[in-house]
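Taking it in order: structure first as structure tokens, then the write-up.
Residue numbering restarts at 1 for every chain, and letters A, B, ... go by the order of the sequence lines.
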Protein chains: 2
Amino acid sequence: MNTHRIDLDDDLSVKACVHDYHPHCGNCRLSGICLPYALEAAEVEQLDSIIQRGKPLQKGQHLYRESDGFESVYAVRSGTLKAYQTTDDGREQVTGFYFPGEILGMDGIANNAHASSARALETAAVCEIPFSSLEKLSASMPHLQRHFFQLMSREIAEDQQLITLLSKSSADERVAALLLSISSRNARRRLSATQFRLSMSRVDIGNYLGLTVETVSRVFSRMQKLEILQVENKEIEILDLDALREMADLH
Amino acid sequence: MNTHRIDLDDDLSVKACVHDYHPHCGNCRLSGICLPYALEAAEVEQLDSIIQRGKPLQKGQHLYRESDGFESVYAVRSGTLKAYQTTDDGREQVTGFYFPGEILGMDGIANNAHASSARALETAAVCEIPFSSLEKLSASMPHLQRHFFQLMSREIAEDQQLITLLSKSSADERVAALLLSISSRNARRRLSATQFRLSMSRVDIGNYLGLTVETVSRVFSRMQKLEILQVENKEIEILDLDALREMADLH
DNA sequence: CCCGACCATTGACGCAGGTCAACGACCGCG
DNA sequence: CGCGGTCGTTGACCTGCGTCAATGGTCGGG
């Protein structure tokens, strides 16, 4: 079922109790991804103290909506979320998928209002990090400040990667690139880089990549025929990683 | 010729001298765009002291290159720059145009190396802001810290706009959106919102928008025929702003 | 002032991927 | 366990934009 949950629950805080256990950053398996390396225990403790952990989001539930007031950024603890914008004429654009350890909501800082909406693609837990507290804390913790600059910078760099992808690549390249991205993000969390379950629908994939469902489906079929991929509904197995890389790079 | 230069030079610092005049933030006409509003004079002075102003870039000259070590972010003082990435297979992707008052280079923070290259589209002057100094200063100036978070957040939000554009829009919509973007950025600098000179080539426009030169050219011609635009080489006049907006929104 | 290189425009044509349609598979629900 | 709804796949067809090619226009350098 939900392997992330298992990942996270096997090392609970000492404060844990049945209906209100309290996981914290100090023992979170994902801290290597979402926290700066260089933080000292006391600093982690401080950071931990500002973080709020709400009840899990159910599939389809919103974490925040476009134009909601901006209060916090969020770290994904388990599950997957998608961020998306709605254009004036009602079309939807998925701008990103967020996996455990990743941070979302940073596009809301500029105007004190979220520039996108975020909803859970499956049951998901998040850590809420109130931004005003984070700002204050950053001023006294250089590592933390730097880390947030870096996180935002990475988001920019990744968006630019996506821009290039959308602007220059064929359908095959786009799908290949997404699969490789998911693969490497899985690897970072010590999950399989070659076998995983897509938590998003084909519609979402197509939307994200600027393709129609039909095209995404055809690409999957084609890759399966070429024995690059094993597709069984949402279950994906990458059979030939090199071929996939080649596909993503150039035509 | 270069109206920006005139804009900037008519109010020189008292320290000005022939070969080494020293403009500073306190009297820069663009400070409303690139600095936080809430900064006090003494704070501006401090910020000013870390900023370096090199000699102008000539057309085509690089400000930084992809994978150069990351040292600074840059504020455009005059002229225009483009940022672009080069993919493995040699294709180029323009990721942004930067006008006076705008800040570039923030994508380099994540990995301590620039994620894109930046070159001048015409003679341009920039203020170099060493990032390590900026970080230190931010820690003691909450307004400044907040401002930089906001700037980066805005860059993210804008990139996401572009993603939507590339993913969902027709050639007409893309070109219309770019023209409107330039128009409103001009307005912010108190230049004409309806008449301007495109500093970038059709190739760059096409590249940025994920279109070929030919398509860009055809769209311009079509818009001219519809009396939405007056195109005379790089000189653009928007004749019907509403029609252009309509074109950008939906089909 | 002239030349060559580059830039922009326009036309003819082809193709990748969008659109429309039909159908099968899966899944949550009663 | 059967039923309706959503999701995914596949095929046939169509079209917007890319590609190729030819021509004119502009600009910087000698």
Side-chain angles (χ1 to χ4, degrees), chain A residues 1 58-60 82 91-94 119 121-123 165-179 197-226 229-236 247 250-251, chain B residues 1-2 58-61 82 91-94 119-123 165-176 178-179 197-226 229-236 247 250-251:
Chain A
M1 288 228 317
Q58 294 306 310
K59 177 175 176 169
K82 71 166 175 181
R91 286 176 292 187
E92 185 177 308
Q93 170 66 38
V94 175
R119 60 155 53 171
L121 292 174
E122 58 195 325
T123 309
L165 198 68
L166 291 175
S167 176
K168 296 280 177 303
S169 307
S170 67
D172 288 355
E173 290 172 294
R174 296 181 199 196
V175 174
L178 176 62
L179 291 174
R197 180 181 172 76
L198 294 174
S199 45
M200 65 294 281
S201 70
R202 300 286 195 272
V203 177
D204 284 334
I205 293 177
N207 191 310
Y208 177 68
L209 295 176
L211 301 170
T212 57
V213 205
E214 292 92 327
T215 302
V216 173
S217 186
R218 276 186 256 269
V219 173
F220 276 153
S221 301
R222 206 176 308 147
M223 286 180 172
Q224 183 149 232
K225 196 167 291 169
L226 293 171
L229 236 55
Q230 184 64 250
V231 185
E232 179 86 30
N233 275 314
K234 309 214 153 193
E235 293 296 338
I236 299 284
M247 216 162 181
L250 165 58
H251 192 76
Chain B
M1 290 223 316
N2 191 329
Q58 293 307 310
K59 178 175 175 169
Q61 220 179 329
K82 72 166 176 181
R91 286 176 293 188
E92 185 178 307
Q93 170 66 37
V94 175
R119 59 155 54 170
L121 292 175
E122 57 196 326
T123 308
L165 197 70
L166 291 175
S167 176
K168 295 280 176 301
S169 308
S170 67
D172 288 355
E173 290 173 293
R174 295 183 199 195
V175 173
L178 176 62
L179 290 174
R197 180 182 173 75
L198 294 174
S199 46
M200 66 292 282
S201 69
R202 301 285 194 272
V203 177
D204 284 335
I205 293 177
N207 191 311
Y208 177 68
L209 295 175
L211 301 170
T212 58
V213 204
E214 293 93 328
T215 302
V216 174
S217 187
R218 277 187 257 268
V219 172
F220 277 152
S221 302
R222 206 176 308 147
M223 286 180 172
Q224 183 150 232
K225 196 168 291 168
L226 292 172
L229 236 56
Q230 184 65 250
V231 184
E232 179 85 32
N233 275 314
K234 307 213 152 191
E235 292 297 336
I236 298 283
M247 215 161 180
L250 166 57
H251 194 77

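No N or O donor and acceptor, one from the side chain of A:Arg222 and one from the base of D:dT9, sit under 3.5 Å apart. Side-chain atoms of B:Glu214 and base atoms of D:dC17 include no donor and acceptor less than 3.5 Å apart.
Shown here for A:Gly210 and B:Ser167, the closest heavy-atom pair between the two residues is CA-OG, 3.0 Å. Across B:Tyr208 and B:Val94, no two heavy atoms sit closer than the pair CD1-O, 3.5 Å.
Where A:Val216 and B:Val216 meet DNA chain D, the nucleotide closest to each residue was compared, and A:Val216 sits on the side nearer the 5' end. Between B:Lys234 and A:Arg174, it is B:Lys234 whose nearest contact on DNA chain C lies nearer the 5' terminus.
Going from atom CZ of B:Phe220 over to atom C1' of C:dT9 covers 12 Å, rounded to whole Å. The separation between B:Glu235 atom CD and D:dG25 atom C1' is 16 Å, rounded to whole Å. The distance between atom NZ of A:Lys168 and atom C1' of D:dG18, rounded to the nearest whole Å, is 13 Å. Atom pair B:Leu166:CG and D:dC17:P shows a separation of 13 Å (rounding to whole Å applied). Between the CG atom of B:Leu229 and the P atom of C:dT9 there is a distance of 11 Å, given to the nearest Å. One atom, CG of B:Leu198, and another, P of C:dT9, lie 10 Å apart when rounded to the nearest Å. Regarding A:Glu232, its CD atom lies at a distance of 18 Å from the P atom of C:dG24, rounded to whole Å.
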message: If you apply the rule side chain to side chain contact (heavy atoms under 4.5 Å, CB included), what do you find for A:Gln224 with A:Gln230, and how did you get there?
response: CA-CA 6 Å; A:Gln224 183 149 232; A:Gln230 184 64 250; 3.0 Å; yes

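Side-chain proximity of B:Arg218 to the nucleotides D:dG18, D:dT9, C:dG17 is greatest for D:dG18. For A:Ser221, counting side-chain heavy atoms from C-beta on, the closest listed nucleotide (D:dC17, C:dT10, D:dT9) is D:dT9. Considering only side-chain atoms of B:Val231, the nucleotide from D:dC17, C:dT9, C:dT19 that sits closest is C:dT9. Proximity note for A:Thr212 (side chain, C-beta onward) versus D:dG18, D:dT9, C:dG18: the nearest is C:dG18.
Not one N or O on the side chain of B:Lys234 forms a donor-acceptor pair closer than 3.5 Å with the backbone of B:Arg202. For B:Arg119 (side chain) and B:Lys82 (main-chain N/O), no donor-acceptor pair under 3.5 Å exists by modelled atom type.
Applying the side chain to side chain contact (heavy atoms under 4.5 Å, CB included) test between A:Leu178 and each of A:Val216, A:Ile205, A:Leu165 identifies A:Ile205 as the sole match. Here the options are B:Leu209, B:Val213, B:Asn207, the test is side chain to side chain contact (heavy atoms under 4.5 Å, CB included), and the partner is B:Leu211; only B:Leu209 passes.
Scanning residues 201-210 of chain A for heavy-atom distances under 4.0 Å to DNA chain C yields A:Gly210.
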What nitrogen or oxygen pairs link the protein and nucleotides 27-30 of chain D at under 3.5 Å?
none

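Here the CZ-OG1 distance, from B:Arg218 to B:Thr212, works out to 7.0 Å after rounding to the nearest 0.5 Å. We find the CD-OG1 distance between B:Gln58 and B:Thr123 to be 4.5 Å, quoted to the nearest 0.5 Å.
Under the 4.5 Å side-chain criterion, counting only non-hydrogen atoms from C-beta, B:Arg197 is not in contact with B:Glu122.
Taking 4.0 angstrom as the limit, A:Thr215 places none of its side-chain polar atoms (N or O) nearer than this to OP1 or OP2 of C:dA16.
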